[in-house]
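Order of the sequence lines sets the chain letters (A, B, ...), proteins ahead of strands, with each chain counted from 1.
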There are 2 protein chains.
Amino acid sequence: METVGRLAGVSQVTVSRALSDPSKVSPKTLAKIREAIEMTGFVPNALAGALASSRSKLISALVPSIRNVVYSGMVQSFSAVMRDSGYQIMLSETGFEPEDEEKLIEAHLSRRPDAMMLTGIHHSAQARRMLLGADIPVVEVWDITDSPIDVCVGFSHTETGRAVADFAYAQGYRQAGCVSAGDERARRRMRAFSERFTRLAGGEIPVAQFESQASLERGRQGLAQLMDGQGFTGGVVFCSSDLLAHGVLVEARTRGLDVPGQVAVIGFGDQDFSAFVSPAITTVRVDMSAFGQSAARAVLERIEAQGGTQSVIDLGFEIVARESS
Amino acid sequence: METVGRLAGVSQVTVSRALSDPSKVSPKTLAKIREAIEMTGFVPNALAGALASSRSKLISALVPSIRNVVYSGMVQSFSAVMRDSGYQIMLSETGFEPEDEEKLIEAHLSRRPDAMMLTGIHHSAQARRMLLGADIPVVEVWDITDSPIDVCVGFSHTETGRAVADFAYAQGYRQAGCVSAGDERARRRMRAFSERFTRLAGGEIPVAQFESQASLERGRQGLAQLMDGQGFTGGVVFCSSDLLAHGVLVEARTRGLDVPGQVAVIGFGDQDFSAFVSPAITTVRVDMSAFGQSAARAVLERIEAQGGTQSVIDLGFEIVARESS
DNA sequence: TTGTATGCGTTATCAG
DNA sequence: CTGATAACGCATACAA
């Protein structure tokens, strides 16, 4: 800025003002400064700016995995809204281990973000302490709780599981199984489904539980496990994601089973392929881009107004009935 | 650090040293400092650190879209390697508009990253100038050129298109069509495919070109367009992604067409579902996590050794023959 | 092994 | 509308 200022015949401060609030500088000097910037190829140092103003214009976002469209879709809409307000996103993957999250939170906090977006509501005590100590807006997405760190936006996984059980029972199914990936929230949905379905129809509900991330192949293996190892002979299979559901579908076709006659399938997430495979997948739709947008708005509200309104934003879910059940 | 130091009975610098290089501090004082940090919940300010040392430990990464697994997979492996070396990633989506990229590059550069990862080799003149001026390692991924800004790692899209044409011709196909999403590199593959296939088999090659991102539905529309509007009656369909290929498959099934008898399909990307749908999709495999790792290693080499070795890293591609062709 | 002085490139505050 | 001056919180060079 010093150099630019000399070239434009003004001081360093004036250059700073020209950049941060052009209206505070006369049109003439503004033009000269712009020209000098053009000539020198000057790019302001946001690090120094952040240090001086203690506003970094950086937002941290932590998600389990960006390869999963449900998370990357959310990040995409979150980022878009924040970017329009001049914020940049620092994104990291936490994986599914709580300890990793703690370290990442500290690493992010050291960069002094103006706010932080986290996935889920379960965080270590130390993580909560650091977050509280940072004194910035914190939004927890994808799940809701009555005691968020600051604000949470999402839906109830327990309610989802129950609703699916009710739905499947109402459709006439009396036998059920589950195929689930290693996500804590997925497990919570499965548990709620099992409890409710057992209460309605009785019997045990076999579960094929994987620790790895969901994939089509895992879905195939899931149905195979249920049928070959756990005595599942037919009925409805609730999967923790549409990808798994698709795998169950493929495996059922391979085994010559009629869907939904012998094996019915319900997925989760309403991914873009779900309506277009055949049979189309019955699923639970959650509006991930709405999550991202709501989260972003909640953050902006808190940054600007210094005090959010709602602290629990339940965006709900919707069961989409298609051909697979 | 001042506060922590007072609590531990040492000066600010000693605290700084204890954090950046514990071996330079006596075990006793180190213990006292650690205790003081614990008590105060002190989290170092990386902004100030970066300003003072002019090393931000931040790496910028720009990709067209994180919802596309080919990009998010690459980012994932890139991030993992960089994180292990103590770097954080600032990720942004450029979309598919060159002007947006330029603005994003400037925004990122203002945060003084220690290096930058870009997708593709086409950047505006102004962008190149800024990048060169920033004087940091720059790695361009997903494509190769003889004149990278600094270093590029990827594969030749033109060669890919040609190889697919040769492959399809060798399999006996004499009619072809293309379904492509609005990615410049995808278009380049399609063009090379068309040119080569026309030279081999003669005739015109109809193309269903979409401006939007790939999706299963677009794939279905693609085949519909080719057959209903562009006189395509059968043969091989080369798609710019496996998602589109899957859509073509679904549409073909819907129309009662035999695959690969009447319509054969070749995709791109070898996504995780490609081997498991039926018929399994013939595709072009590129090792996206290898791209990310190579890119990360190239960056680390340049940051540490101040001068990279190779400047063009061609990781190639592989045609995976399956049932759909 | 530890401390002192200085500077990194901005913004904020106050004067002119 | 513009300028001087003091932080911001740390790292680096040098000294002890």
(message) I'd like to check A/C152 versus A/V141 (side-chain heavy atoms, cut-off strictly below 4.5 Å). Are they in contact?
(response) no

(request) Round to the nearest Å and state the distance from A/E2 atom CD to D/dG3 atom P. (result) 11 Å

(request) Check whether any side-chain N or O of B/S26 sits under 4.0 Å from OP1 or OP2 of C/dT2, and answer yes or no. (result) yes

(message) Salt bridge or not between B/R297 and B/E301? Use side-chain N to carboxylate O under 4.0 Å.
(response) no

(request) Report which part of the nucleic acid B/T29 touches: base, sugar-phosphate, or nothing (heavy-atom distance under 4.0 Å, all strands). (result) sugar-phosphate

(request) Whole angstrom is fine here: how far is it from NZ in B/K57 over to P in D/dG9? (result) 23 Å

(message) If I take atom NZ in residue A/K28 and atom P in nucleotide D/dC1, what distance separates them, rounded to the nearest angstrom?
(response) 11 Å

(request) Would you kindly give the CG-to-P distance between A/L51 and C/dG7, to the nearest whole Å? (result) 17 Å

(request) Answer yes or no: is there an ion pair linking B/D143 with B/R188, defined by an N-O contact shorter than 4.0 Å? (result) yes

(request) Figure out the CZ/C1' separation between A/R112 and C/dT10, and round it to whole Å. (result) 17 Å

(request) Report yes if a side-chain nitrogen or oxygen of B/S54 is closer than 4.0 Å to either non-bridging phosphate oxygen (OP1 or OP2) of C/dC8; otherwise report no. (result) no

(request) Please state how far atom NZ in B/K32 lies from atom P in C/dT2, giving the value in whole angstrom units. (result) 9 Å

(message) Can you identify which nucleotide, out of D/dG9, C/dA12, C/dG3, has its nearest atom closest to the B/V10 side chain?
(response) C/dG3

(message) Of the options D/dT5, D/dC10, C/dT2, whose atoms approach the side-chain atoms of B/M1 most closely?
(response) D/dC10

(request) Report which part of the nucleic acid B/R17 touches: base, sugar-phosphate, or nothing (heavy-atom distance under 4.0 Å, all strands). (result) base

(message) Over all strands shown, is B/R55 touching base, sugar-phosphate only, or nothing at heavy-atom distances under 4.0 angstrom?
(response) sugar-phosphate

(request) Would you check if the side chain of A/S56 reaches a backbone N or O of A/R112 as a donor-acceptor pair within less than 3.5 Å? (result) yes

(message) Please report the distance, rounded to the nearest Å, between CG in A/D21 and C1' in C/dT10.
(response) 16 Å

(message) If we check salt bridge (Lys or Arg N to Asp or Glu O under 4.0 Å) with A/R302, which of these qualifies: A/D114, A/D135, A/D150?
(response) A/D150

(message) Both B/P27 and A/S20 contact DNA chain C. Taking the nearest nucleotide for each, which residue is further toward the 5' end?
(response) B/P27

(message) So if I take every side-chain heavy atom of A/A52 and compare against C/dT4, D/dA7, D/dC10, which nucleotide ends up nearest?
(response) D/dA7

(message) For C/dG9 and B/R111 - does any side-chain N or O of the residue sit under 4.0 Å from the phosphate oxygens OP1/OP2?
(response) no

(message) Taking the minimum atom-to-atom distance to the side chain of B/N45, which one of D/dT2, C/dT4, D/dC10 wins?
(response) D/dC10

(request) Classify the angle between the aromatic ring planes of B/H157 and B/W142 as parallel (below 30°), tilted (30 to 60°) or perpendicular (above 60°). (result) tilted

(message) Just the rounded figure in Å: distance from P of C/dT11 to CD of A/Q12.
(response) 8 Å

(message) Is the phosphate of C/dT10 approached by A/S53 (side-chain N or O, under 4.0 Å from OP1 or OP2)?
(response) no

(message) Less than 4.0 angstrom between a side-chain N/O of B/S11 and OP1 or OP2 of C/dT2, yes or no?
(response) no

